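Report on one structure; see the data block that follows.
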Amino acid sequence: KTKSKFTSVFPDLLNFNMKLKVVYPFSEIIFLDKNFRNISKNYLVINSRHTPTKNINKILIEYLNVIKERKISIYITHEGINSEELRKEFLEYSEYISFTGYLEIDDYQKLLSESLGVLFPSLDEDFGIAALDAYNLNVPILLYKNCGFSEILDNFYDFFIDDKDPNEIIDLLLQYRNEKINIY
């Protein structure tokens, strides 16, 4: 996915007989075994820059009824050009949706490791450090199949959000939490 996006911007590179390789940055999150996770709370995390291309408002609207009915919170980390707009749009749902802003690495790791899962809202993200962070912690990543991170996942991965309705996803997350399954 990243290669195809890169060569669409620089098509002349295809004319040279060269092999392109993509090197992804490492996550700062230390890999944790599934037995170290302490999933004691019912919440999801969105860790994405607040920009229109990240699709945060769309995913919040899709999951809004489910989180209200099931009393599940969503923590949204980070900031961006849409932060104020998102806060205003979802102000009346502050009981369920919290904006944390930037977090120190230890606080961020704790937030992720205790979550039910990470919502990765982008429809067309190349890869995503937030997804890699969740992967390192054995936290389920809820993502679209078109996302570049899906390239490293099994075709039968349980948490592709374009295949299931939000209630079904939450049921699976709760099942995985209770059984402490190694997702990856």
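Side chains are part of it too, since the values below use all heavy atoms of this structure and drop only hydrogens, waters and symmetry mates. Quick note: residue numbers are just sequence positions, from 1. As the structure is a prediction and not an experimental result, all values here were calculated from the model.
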Provide the closest heavy-atom pair for [X] versus [Y] in the form atom of the first, atom of the second, distance.
X: N167; Y: D165; answer: N-OD1, 2.8 Å
X: F149; Y: G128; answer: CD1-O, 4.4 Å
X: V139; Y: G117; answer: CG1-CA, 3.6 Å
X: E79; Y: G101; answer: OE2-CA, 3.2 Å
X: S150; Y: L143; answer: N-CD1, 3.9 Å
X: A130; Y: F120; answer: CB-CE1, 4.1 Å

>> Under a plain distance cut-off of 3.5 Å, with no hydrogens placed, do T77 and N47 share a side-chain donor-acceptor pair?
In response: yes

> For residues Q109 and S113, is any side-chain donor paired with an opposing acceptor at under 3.5 Å?
Replying inline: no

Got a second to check how far [X]'s [atom1] is from [Y]'s [atom2], nearest 0.5 Å?
X: I97; Y: Y63; atom1: CD1; atom2: OH; result: 13.0 Å
X: L60; Y: L44; atom1: CG; atom2: CG; result: 10.0 Å
X: S115; Y: Y43; atom1: OG; atom2: OH; result: 5.5 Å
X: K164; Y: L172; atom1: NZ; atom2: CG; result: 6.0 Å
X: E62; Y: L142; atom1: CD; atom2: CG; result: 11.0 Å

> So, for Y176 and F159, is the gap between ring centers shorter than 6.0 Å?
Replying inline: yes

> Which residues satisfy the side-chain contact (heavy atoms from CB on, under 4.5 Å) test with Y96, sequence neighbours excluded?
Replying inline: I67, K68

>> Do Y144 and S122 have side chains that approach each other closer than 4.5 Å (heavy atoms only, starting at C-beta)?
In response: no

> For the residue pair Y157 and F160, does the interplanar ring angle fall in the parallel (under 30°), tilted (30 to 60°) or perpendicular (over 60°) class?
Replying inline: perpendicular

>> Are there over 12 heavy-atom neighbours, none belonging to K110, within less than 6.0 Å of that residue's NZ?
In response: no

> OH of Y102: more than 12 outside heavy atoms within 6.0 angstrom?
Replying inline: yes

>> Any side-chain to backbone donor/acceptor pair from N57 onto L86? Under 3.5 Å, distance only.
In response: no

>> Between K71 and N42 (side chain of the first, backbone of the second, donor and acceptor by atom type, cut-off under 3.5 Å), is there such a pair?
In response: no

> Can you name the residues that form a salt bridge (charged side-chain N to carboxylate O under 4.0 Å, His left out) with D171, not counting sequence neighbours?
Replying inline: R70

>> I169 and side-chain contact (heavy atoms from CB on, under 4.5 Å): which single residue from L174, I161, L116 fits?
In response: I161

> What residue among I56, L119, I59, L64 forms side-chain contact (heavy atoms from CB on, under 4.5 Å) with I74?
Replying inline: L119

